[in-house]
2 protein chains.
Amino acid sequence: MTTSRPRGRDWRPGERGDVLDPRCPTRRLLDRIGTKWTSMVVKVLAEEAPDEIRFAELRRRAPGISQKMLSATLQSLVRDGLVARRVEPTVPPAVHYRLTPLGLSLEGPLSALRVWAETHMPEIDRNNQLADESPAH
Amino acid sequence: MTTSRPRGRDWRPGERGDVLDPRCPTRRLLDRIGTKWTSMVVKVLAEEAPDEIRFAELRRRAPGISQKMLSATLQSLVRDGLVARRVEPTVPPAVHYRLTPLGLSLEGPLSALRVWAETHMPEIDRNNQLADESPAH
DNA sequence: CGGTATCCTGTTCGATACTG
DNA sequence: CAGTATCGAACAGGATACCG
């Protein structure tokens, strides 16, 4: 994905790459959930729901994610209003995350996609292997 | 999305960026439908179904796509077995595309995602505007 | 008509180091 | 504990030109 949505605060609609914007909502949603860790983070959050979960625990549940990427992913989700962030002002601070109602509402379509993926990705993999074996000939 | 799946034929499982592979099927599916033009191409194909559609017509229906990207997107979909390609050996050649049954089966989950996006992206946009207005304070 | 090949820019993301 | 800052590598995808 190039020209994906800028996550920084210096974005204004009409600035760059959106000559053919407003892009369709689906495309823009995919820009969000299509980033490397977002779907996994949302899934962990959803499985934990309606309980809160802390940063470190979340990290443990998303094996392979770096601190930086978990932080960035969560900030993006919070900014979108899909995730709520609550800070307990202790020292050291304890930060809790959970899906908002909006975030939870995404779980339906998203889990449908998960089911499809689990069901059909093996077939897609087989198709790719076949394509490799007969190199267009 | 970085480290997205290599589309070329020189890929072997275990080669690069997949230290934490096998990645979950959902992530791998999103690598596919999350690329810039795939969801739009699939949508056009689905709306055209069960009829075939030609390259140029497809291009007209996906405003903004370049020849290169349409070609690449279709090749990827064909390789995955989501789209079938049929060449009429005339001169100049006429090439027709259509969703396979597998591709059609993806339409369910995908259109659920479209409905969610159309319903809720405005709210996400509002949330982002709010985040911009109160700069974390 | 339906593609390839090449060049180039922006973006994503991993690694690493530092902080309140 | 829960981040932020910085660097570098890899890649997606736009522009353009050419081809059977």
Side-chain angles (χ1 to χ4, degrees), chain A residues 1-11 15-21 23 27 30-38 40-41 52-60 62-76 78 85-97 136, chain B residues 1-11 15-21 23 27 30-38 40-41 52-60 62-76 78 85-97 136:
Chain A
M1 212 172 329
T2 294
T3 314
S4 82
R5 91 189 158 118
R7 274 206 211 19
R9 43 238 77 242
D10 50 354
W11 178 76
E15 202 63 13
R16 242 265 50 100
D18 53 348
V19 182
L20 30 105
D21 266 325
R23 278 128 85 221
R27 188 79 274 292
L30 286 170
D31 276 349
R32 289 167 160 78
I33 64 176
T35 57
K36 186 161 188 183
W37 296 102
T38 301
M40 186 181 296
V41 168
E52 294 181 315
I53 185 174
R54 294 184 58 178
F55 188 91
E57 173 66 10
L58 199 40
R59 192 171 172 199
R60 240 165 277 132
I65 197 172
S66 67
Q67 213 166 27
K68 171 190 164 185
M69 286 316 295
L70 179 54
S71 179
T73 303
L74 285 169
Q75 278 176 23
S76 182
V78 168
R85 181 181 187 265
R86 183 175 67 83
V87 187
E88 269 178 67
T90 54
V91 275
V95 185
H96 302 255
Y97 295 92
Chain B
M1 217 173 327
T2 294
T3 314
S4 81
R5 89 191 159 118
R7 274 210 210 19
R9 45 237 75 245
D10 48 357
W11 177 78
E15 203 62 14
R16 245 259 57 97
D18 53 350
V19 182
L20 30 105
D21 265 327
R23 277 128 84 223
R27 186 82 271 292
L30 285 170
D31 276 350
R32 291 168 159 78
I33 64 176
T35 57
K36 186 161 188 183
W37 297 101
T38 302
M40 185 181 297
V41 168
E52 294 181 316
I53 184 173
R54 293 184 59 178
F55 188 91
E57 173 67 10
L58 198 41
R59 191 171 173 198
R60 240 165 279 131
I65 197 171
S66 68
Q67 212 166 27
K68 172 190 164 185
M69 285 317 294
L70 179 55
S71 179
T73 302
L74 285 170
Q75 278 177 23
S76 181
V78 168
R85 179 180 189 267
R86 184 175 68 82
V87 186
E88 268 178 67
T90 55
V91 276
V95 185
H96 302 255
Y97 295 92

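Chain letters run A, B, ... following the sequence lines, proteins first and then strands; every chain starts at 1.
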> For the helix from C:dC1-D:dG20 to C:dG20-D:dC1, what angle lies between the axis at the first five pairs and the axis at the last five pairs, to 10 degrees?
Replying inline: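 Roughly 50° between the end axes, to the nearest 10°.
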>> Going by salt bridge (Lys or Arg N to Asp or Glu O under 4.0 Å), name the residues that satisfy it together with B:R60, two or more places apart in sequence or in a different chain.
In response: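 With sequence neighbours excluded, B:R60 shows a salt bridge (Lys or Arg N to Asp or Glu O under 4.0 Å) to B:E57, given in chain and number order.
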Atom [atom1] of [X] to atom [atom2] of [N]: distance rounded to whole Å?
X: B:I65; N: D:dG14; atom1: CD1; atom2: P; result: 8 Å
X: B:L70; N: D:dG14; atom1: CG; atom2: P; result: 12 Å
X: B:R32; N: D:dG13; atom1: CZ; atom2: P; result: 14 Å
X: A:I53; N: D:dC1; atom1: CD1; atom2: P; result: 14 Å
X: A:K36; N: C:dG14; atom1: NZ; atom2: P; result: 4 Å
X: B:R86; N: C:dC1; atom1: CZ; atom2: C1'; result: 15 Å
X: B:D31; N: C:dT12; atom1: CG; atom2: P; result: 14 Å
X: B:R60; N: C:dC1; atom1: CZ; atom2: C1'; result: 11 Å

>> Which residues pass the side-chain contact (heavy atoms from CB on, under 4.5 Å) test with A:R54, not counting sequence neighbours?
In response: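 A:R54: side-chain contact (heavy atoms from CB on, under 4.5 Å) contacts with A:A94, A:H96.
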>> Main chain of A:W37, side chain of B:R27: is a donor-acceptor contact present, judged purely on distance under 3.5 Å?
In response: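 Checking the backbone N and O of A:W37 against the side chain of B:R27, no donor-acceptor pair under 3.5 Å is found.
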>> Reading DNA chain C from 5' onward, which residue's closest nucleotide shows up sooner: A:S66 or A:P93?
In response: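 Counting from the 5' end, the first nearest nucleotide belongs to A:S66.
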>> Tell me whether the side-chain N/O atoms of A:R54 come closer than 4.0 Å to OP1 or OP2 in D:dA2.
In response: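 Yes, because at least one side-chain N or O of A:R54 sits under 4.0 Å from OP1 or OP2 of D:dA2.
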Under 4.5 Å between any side-chain heavy atoms of [X] and [Y], yes or no?
X: B:L74; Y: B:L58; value: yes
X: A:R59; Y: A:S71; value: no
X: B:R86; Y: B:E52; value: yes

> What are the two closest heavy atoms between B:T90 and B:P92, and how far apart are they?
Replying inline: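 Closest approach of B:T90 to B:P92, heavy atoms only: OG1-O, 2.9 Å.
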> What is the minimum heavy-atom distance between B:V41 and B:L70, and which atoms define it?
Replying inline: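 Scanning both residues, the minimum pair turns out to be CG2-CD1, 4.0 Å.
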Give every pair of a protein N or O atom and an N or O atom of nucleotides 3-5 of chain C that lie under 3.5 Å apart, one pair per line with the distance.
residue: C:dG3; atom: OP1; partner: B:R85; partner atom: NH2; Å: 2.5
residue: C:dG3; atom: OP2; partner: B:Y97; partner atom: OH; Å: 2.6
residue: C:dG3; atom: N7; partner: B:Q67; partner atom: OE1; Å: 2.8
residue: C:dG3; atom: N7; partner: B:Q67; partner atom: NE2; Å: 2.9
residue: C:dG3; atom: O6; partner: B:Q67; partner atom: OE1; Å: 3.1
residue: C:dT4; atom: OP1; partner: B:Q75; partner atom: NE2; Å: 2.6
residue: C:dT4; atom: OP2; partner: B:S71; partner atom: OG; Å: 3.0
residue: C:dT4; atom: OP2; partner: B:Q75; partner atom: NE2; Å: 3.0

